[in-house]
Participant: 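Here it is, the structure, as structure tokens.
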Amino acid sequence: MTMTTRRLTAAILAAGLALGTAACGTGATSTSAPSATTAASAAGVDPNAPEVNPPGDIPDDQVFVDHVDDTGGFTVQVPEGWARSEVDGTTIFTDKLNSVAMNSVDAASAPTIATATADEVPAIEAGESNVEIQDVTEVQRGGQTAVVVTYLRDGTPDEVRGKTVREAVERYEFFQDGTEAIVTLSGPDGADNVDPWKLVSDSFTWA
């Protein structure tokens, strides 16, 4: 235990003892420990400081806005302020280590777990780096059924250091009237983005 830690512990114990003594002097029958805010202040931590998120975590106060696909066929909510780019017919919104990508293709029938496993999974494995498929399943999003492929992959190496980040990916496939819309969400493996990704995928609606 460091000197600073011993001093902080002693201060908290002393505060608790003082509270207990005061309670006894007034006939009270219970004591209370210092609050987390008091302990944090004693430790030199500002309890009102802005939230600090681990790399890849989308902030809780992130604002989302509607994005209408360029084809006009569907709408998805995306994080406000993220950089937008277009790559081979796919619209991509990125910020730091996270991305939301979307595109649409002609399809004769709705995707199923079987077709995604037989057709999409091999294409993913061939087109991306060090893929580890985790699951292929059907889910309900925005009141409709979608097939989702979840997997891990190696991200694009950093241009400066060449470092590669392991990414977790959720690929959603929606279908209506001969069109398959694909929404792909990705971020660092281990980032706590369950709620933001649920919000984005739940927001999908056909025009």
Side-chain angles (χ1 to χ4, degrees), residues 36-37 40 45-70 73-87 90-104 110-113 116-117 120-121 124 128-156 158 163-176 180-207:
T37 301
V45 178
D46 181 2
N48 298 314
E51 177 186 8
V52 177
N53 297 284
D57 277 11
I58 298 174
D60 292 339
D61 59 357
Q62 173 67 56
V63 176
F64 292 80
V65 296
D66 286 343
H67 168 73
V68 180
D69 181 68
D70 290 341
F74 61 88
T75 299
V76 179
Q77 286 195 340
V78 299
E80 186 177 42
W82 284 23
R84 175 178 172 173
S85 60
E86 303 285 337
V87 180
T90 298
T91 302
I92 307 172
F93 294 88
T94 57
D95 179 70
K96 301 181 179 67
L97 303 174
N98 295 296
S99 72
V100 178
M102 63 197 74
N103 67 297
S104 61
T112 64
I113 293 175
T117 301
E120 305 301 336
V121 167
I124 291 170
E128 302 183 30
S129 178
N130 195 19
V131 171
E132 179 185 341
I133 301 296
Q134 295 183 307
D135 200 7
V136 181
T137 188
E138 288 186 351
V139 295
Q140 291 297 310
R141 290 291 186 268
Q144 54 198 308
T145 300
V147 173
V148 57
V149 182
T150 55
Y151 60 98
L152 301 176
R153 70 183 179 194
D154 287 347
T156 303
D158 181 89
K163 182 178 180 180
T164 299
V165 174
R166 191 69 169 158
E167 295 179 344
V169 184
E170 299 177 5
R171 174 191 165 100
Y172 291 87
E173 301 175 359
F174 300 88
F175 178 83
Q176 178 177 275
E180 181 178 302
I182 303 164
V183 179
T184 304
L185 314 173
S186 66
D189 183 28
D192 184 12
N193 288 333
V194 173
D195 291 339
W197 288 160
K198 178 72 161 48
L199 185 154
V200 172
S201 56
D202 262 340
S203 73
F204 181 94
T205 56
W206 292 102

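These values consider heavy atoms only, across backbone and side chains, with no hydrogens, waters or symmetry-generated copies.
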Participant: Using atom types as modelled and distance alone, determine if a side-chain donor or acceptor of Glu138 lies under 3.5 Å from a backbone N or O of Thr112.
Facilitator: no
Participant: Give the ring-plane orientation class for Phe174 versus Phe204, where under 30° counts as parallel, over 60° as perpendicular and anything between as tilted.
Facilitator: parallel
Participant: Which pair of heavy atoms, one from Val165 and one from Pro188, lies closest together, and at what distance?
Facilitator: CG1-CB, 4.1 Å
Participant: Got a second to check how far Ile182's CD1 is from Tyr172's OH, nearest 0.5 Å?
Facilitator: 14.0 Å
Participant: I would like to know whether Ser186 and Arg153 meet side-chain contact (heavy atoms from CB on, under 4.5 Å); could you show each step before the answer?
Facilitator: CA-CA 10 Å; Ser186 66; Arg153 70 183 179 194; 3.4 Å; yes
Participant: Within the 4.5 Å heavy-atom criterion, are Phe64 and Ser203 side-chain neighbours or not?
Facilitator: no
Participant: What pair of heavy atoms forms the shortest contact from Asp192 to Asp57, and how long is it?
Facilitator: N-OD1, 2.7 Å
Participant: So Phe93 and His67, side-chain contact (heavy atoms from CB on, under 4.5 Å) or not? Walk me through it.
Facilitator: CA-CA 10 Å; Phe93 294 88; His67 168 73; 3.7 Å; yes
Participant: Looking only at non-hydrogen atoms, find the nearest pair between Ala101 and Thr90 and report the distance.
Facilitator: CB-CG2, 3.9 Å
Participant: What distance separates Asp202 CG from Arg141 CZ, expressed to the nearest 0.5 Å?
Facilitator: 5.5 Å
Participant: Are Arg166 and Glu132 close enough for a salt bridge, meaning some N to O gap below 4.0 Å?
Facilitator: yes
Participant: Could you give the distance from OG1 (Thr75) to CH2 (Trp206), rounded to the nearest 0.5 Å?
Facilitator: 11.0 Å
Participant: Determine whether Met102 and Val78 make a side-chain contact, defined as any pair of heavy atoms from C-beta on separated by less than 4.5 Å.
Facilitator: yes
Participant: How far does CD of Glu128 sit from CD of Glu167, to the nearest 0.5 angstrom?
Facilitator: 8.5 Å
Participant: Under the side-chain contact (heavy atoms from CB on, under 4.5 Å) rule, what do Ile58 and Trp82 come out as? Steps first, then yes or no, please.
Facilitator: CA-CA 11 Å; Ile58 298 174; Trp82 284 23; 3.9 Å; yes
Participant: To check you understand the geometry: which heavy-atom pair defines the closest contact between Ile113 and Val147, and what is its length?
Facilitator: N-CG2, 4.2 Å
Participant: Quick check: does any side chain N or O of Asp66 sit under 3.5 Å from a backbone N or O of Gln77, one acting as donor and the other as acceptor?
Facilitator: no
Participant: With a 4.5 Å heavy-atom cut-off, do Gln62 and Pro196 have their side chains touching?
Facilitator: no
Participant: Looking just at side-chain N and O atoms, do Glu170 and Thr184 make a donor-acceptor pair shorter than 3.5 Å?
Facilitator: no
Participant: What verdict does the side-chain contact (heavy atoms from CB on, under 4.5 Å) test give for Trp197 and Asn98, after you've listed the backbone C-alpha separation in whole Å, the side-chain angles of each residue and the deciding distance to 0.1 Å?
Facilitator: CA-CA 11 Å; Trp197 288 160; Asn98 295 296; 4.0 Å; yes
Participant: Are any of the side-chain heavy atoms of Phe175 and Thr145 separated by less than 4.5 Å?
Facilitator: no
Participant: CG of Asp154 to OG1 of Thr164: how many Å apart, nearest 0.5 Å?
Facilitator: 6.0 Å
Participant: Can you tell me how far apart CD1 (Ile133) and OG1 (Thr150) are? Round to the nearest 0.5 Å.
Facilitator: 8.0 Å
Participant: Can you check whether Pro79 reaches Asp95 side chain to side chain, under 4.5 Å on heavy atoms?
Facilitator: no
